[in-house]
2 protein chains.
Amino acid sequence: MSSGNFKHDLFSQFARVGKALSNANRLELLEFLAQGERSVEELSKVSGLTVANTSQHLQQLRQAGLVVTRKQGHHVYYRLTGDDVILLLDALRKVAEKHVAEVERLVDSYLTVKDDLEPVPAQELLERVRQGLVTVIDVRPPEEYAAGHLPGAVNIPLAELEAHLEKMDPRREVVAYCRGPHCVLAFDAVERLRARGLKARRLEDGYPEWKVMGLPTESGVT
Amino acid sequence: MSSGNFKHDLFSQFARVGKALSNANRLELLEFLAQGERSVEELSKVSGLTVANTSQHLQQLRQAGLVVTRKQGHHVYYRLTGDDVILLLDALRKVAEKHVAEVERLVDSYLTVKDDLEPVPAQELLERVRQGLVTVIDVRPPEEYAAGHLPGAVNIPLAELEAHLEKMDPRREVVAYCRGPHCVLAFDAVERLRARGLKARRLEDGYPEWKVMGLPTESGVT
DNA sequence: CTAGTATTCAAGACATTAATTGAATATAAG
DNA sequence: CTTATATTCAATTAATGTCTTGAATACTAG
């Protein structure tokens, strides 16, 4: 009887974490935070929520133990509590992808040529990079790139892609990546590159997943 | 931006899975299902929920893609959709446990600081118990108490403490103990007892330490 | 100290969720 | 066909969650 209570209390704790994951806006915030530390203002801008609303969601995430804060000057910076949170988000994504037919439908409808996009697994990319066979491009904004990126990756934010196209060797394969497996930036980049006749694919995962897998990374500007 | 809607829709799908994990009862059902296929009736019994309520929770789990059903005779059998669901539950548990531990640590350090609750050393308590000077209460759950406790200790789980307050002699000192030197239960008990004007302190150690010191113990129900 | 900015808090409107109850459906056995 | 049983559906109530608005708090620069 009291063990029933204990058990129920335990599941209630787990449920608190589940609750934190039960809202699309919070999941989006978590994805941004998977890139690194962010202030409330930045998160508010990038998510399109009001600052107050963003703050409240962040506090829920903090109460669930998913994020921690650091105060500096005017700003409060949030970051994920640890890598286990990234693993959790990944597990969630995997289950959702596999079982929610709706997700597939959405991805399909967005990507006109889904089959052609066959993503490159992380291990395979690492191999090919070591052999110098591919050019890896990071299509995230420069700040995120500077905070950490794949070794040898060139930072080409989506907006600047067109400008780089002419300089690229059409015979050399390009692999693009961004924030996560579903980050649209990389999809977009691949489509545009292909439209110009380049051999382009996208990395199966994003930068956070790559890092969590223990694969090598670099940081700073090249 | 055209990717804005797509992105939000995608996160909404992920949130559906998160929602399924946001309730203690559903998590308990999932844990049972992790052991294998179960009928609604079995799940209802083991979770203590009404059949209708169980059925509704199961349907939410099914809509989130976490479980699937099979019909046979009178019964509908539910089972997890796949091993990735188990991985997800594991990831959730890990994050939650870490956070819970963190909370416990914080609470402990907070309580230890304001510890003018001068704890009673084991030897001193043994002495005073022999002289019949104090009432010793064990605030752990009954199962743990039954497995072994201090001689003469009365089992009063924290939840039942209030009910016992009136029966206690305010002039007699009470010493509380639980699982270990940092187990919060005893701190809590002492605080509550003092709030009622009783003379209360806590044992410096918990039951495991007492036992390891080679001091006498009892087991079973009193 | 004062002004300006970043974040949090508090209160209210509105939507969603959980549990209860009683009825409806479906299956198998007599 | 009728009956008993397992499950689901539907309607209600109480509780909880989300977002908005405007004010309060904390920090820095001047």
Side-chain angles (χ1 to χ4, degrees), chain A residues 4-5 7-9 11-30 32-33 37-79 143, chain B residues 4-5 8-9 11-33 37-64 66-79:
Chain A
N5 274 338
K7 203 170 174 183
H8 194 266
D9 286 352
F11 279 116
S12 295
Q13 293 302 323
F14 298 165
R16 266 172 63 179
V17 178
K19 254 182 206 135
L21 306 175
S22 71
N23 175 282
N25 288 327
R26 279 196 292 275
L27 289 175
E28 192 171 359
L29 290 173
L30 285 172
F32 288 126
L33 287 170
E37 211 176 47
R38 294 282 184 278
S39 71
V40 179
E41 193 185 16
E42 289 174 293
L43 290 167
S44 160
K45 228 170 235 154
V46 84
S47 67
L49 303 174
T50 65
V51 173
N53 198 5
T54 305
S55 173
Q56 284 173 172
H57 279 304
L58 288 169
Q59 279 167 75
Q60 285 192 56
L61 292 175
R62 187 173 52 186
Q63 277 166 30
L66 298 179
V67 303
V68 290
T69 58
R70 179 177 70 86
K71 225 175 204 166
Q72 184 182 311
H74 283 307
H75 299 272
V76 175
Y77 291 95
Y78 282 77
R79 66 173 185 280
E143 314 86 72
Chain B
N5 275 337
H8 194 267
D9 287 350
F11 279 117
S12 296
Q13 293 306 320
F14 296 165
R16 262 171 68 176
V17 179
K19 257 184 203 133
L21 306 176
S22 71
N23 176 280
N25 288 327
R26 278 195 293 274
L27 290 174
E28 194 171 357
L29 290 173
L30 286 171
E31 199 203 32
F32 289 126
L33 288 170
E37 209 176 48
R38 294 280 184 281
S39 71
V40 179
E41 193 184 17
E42 288 173 296
L43 290 166
S44 160
K45 231 171 232 154
V46 84
S47 67
L49 303 174
T50 65
V51 173
N53 198 6
T54 304
S55 172
Q56 283 172 173
H57 280 303
L58 288 169
Q59 278 167 77
Q60 285 192 55
L61 292 175
R62 187 173 52 188
Q63 277 166 30
L66 298 179
V67 303
V68 289
T69 58
R70 179 176 70 86
K71 227 174 204 166
Q72 183 182 311
H74 283 308
H75 299 272
V76 175
Y77 291 95
Y78 282 79
R79 66 174 186 278

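Below, read A as the first sequence line, B as the second, and so on, with proteins coming before strands; counting in each chain starts at 1.
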Sugar-phosphate, base or nothing in reach of [X], heavy atoms under 4.0 Å:
| X | value |
| --- | --- |
| S22(B) | nothing |
| Y78(B) | sugar-phosphate |
| Q72(B) | nothing |

- prompt: Ignoring hydrogens and geometry, is there a side-chain-to-backbone donor-acceptor pair from R26(B) to L61(B) under 3.5 Å?
  reply: no
Is [Y] close to [X] at the side-chain level, that is, under 4.5 Å between some pair of heavy atoms?
| X | Y | result |
| --- | --- | --- |
| L43(B) | L33(B) | yes |
| L58(A) | T69(A) | no |
| V68(B) | R79(B) | yes |
| V67(B) | L30(B) | yes |
| Y78(A) | Q59(A) | yes |

Residue [X], side-chain heavy atoms: nucleotide from [options] that is nearest:
| X | options | answer |
| --- | --- | --- |
| E41(A) | dT8(D), dA6(C), dA18(C) | dA6(C) |
| Q56(A) | dT7(D), dA10(C), dT8(D) | dA10(C) |
| N23(B) | dG17(D), dT21(C), dA18(C) | dA18(C) |
| S55(A) | dT7(D), dT8(C), dT20(D) | dT8(C) |
| A52(A) | dT8(C), dT17(C), dG17(D) | dT8(C) |

Euclidean distance, atom [atom1] of residue [X] to atom [atom2] of [N] [Å, nearest integer]:
| X | N | atom1 | atom2 | answer |
| --- | --- | --- | --- | --- |
| Q63(A) | dT8(C) | CD | C1' | 13 Å |
| R16(A) | dG17(D) | CZ | P | 11 Å |
| E28(B) | dA19(C) | CD | P | 11 Å |
| Q60(B) | dT17(C) | CD | P | 7 Å |
| Q59(A) | dT7(C) | CD | C1' | 9 Å |
| H75(B) | dA29(C) | NE2 | P | 11 Å |
| L61(B) | dT8(D) | CG | P | 12 Å |
| K71(A) | dA6(C) | NZ | C1' | 10 Å |

message: By nearest heavy atom, map S39(A) and L49(B) onto DNA chain C; which one lands nearer the 5' end?
response: S39(A)
Counting only side-chain nitrogens and oxygens, does [X] get under 4.0 Å of the OP1 or OP2 atom of [N]?
| X | N | value |
| --- | --- | --- |
| N53(B) | dT21(C) | no |
| H57(A) | dT18(D) | no |
| R26(B) | dA18(C) | yes |

message: Judged by each residue's nearest nucleotide on DNA chain D, which is more toward the 5′ side, K19(A) or H74(A)?
response: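 Closest to the 5' end, via its nearest nucleotide, is K19(A).
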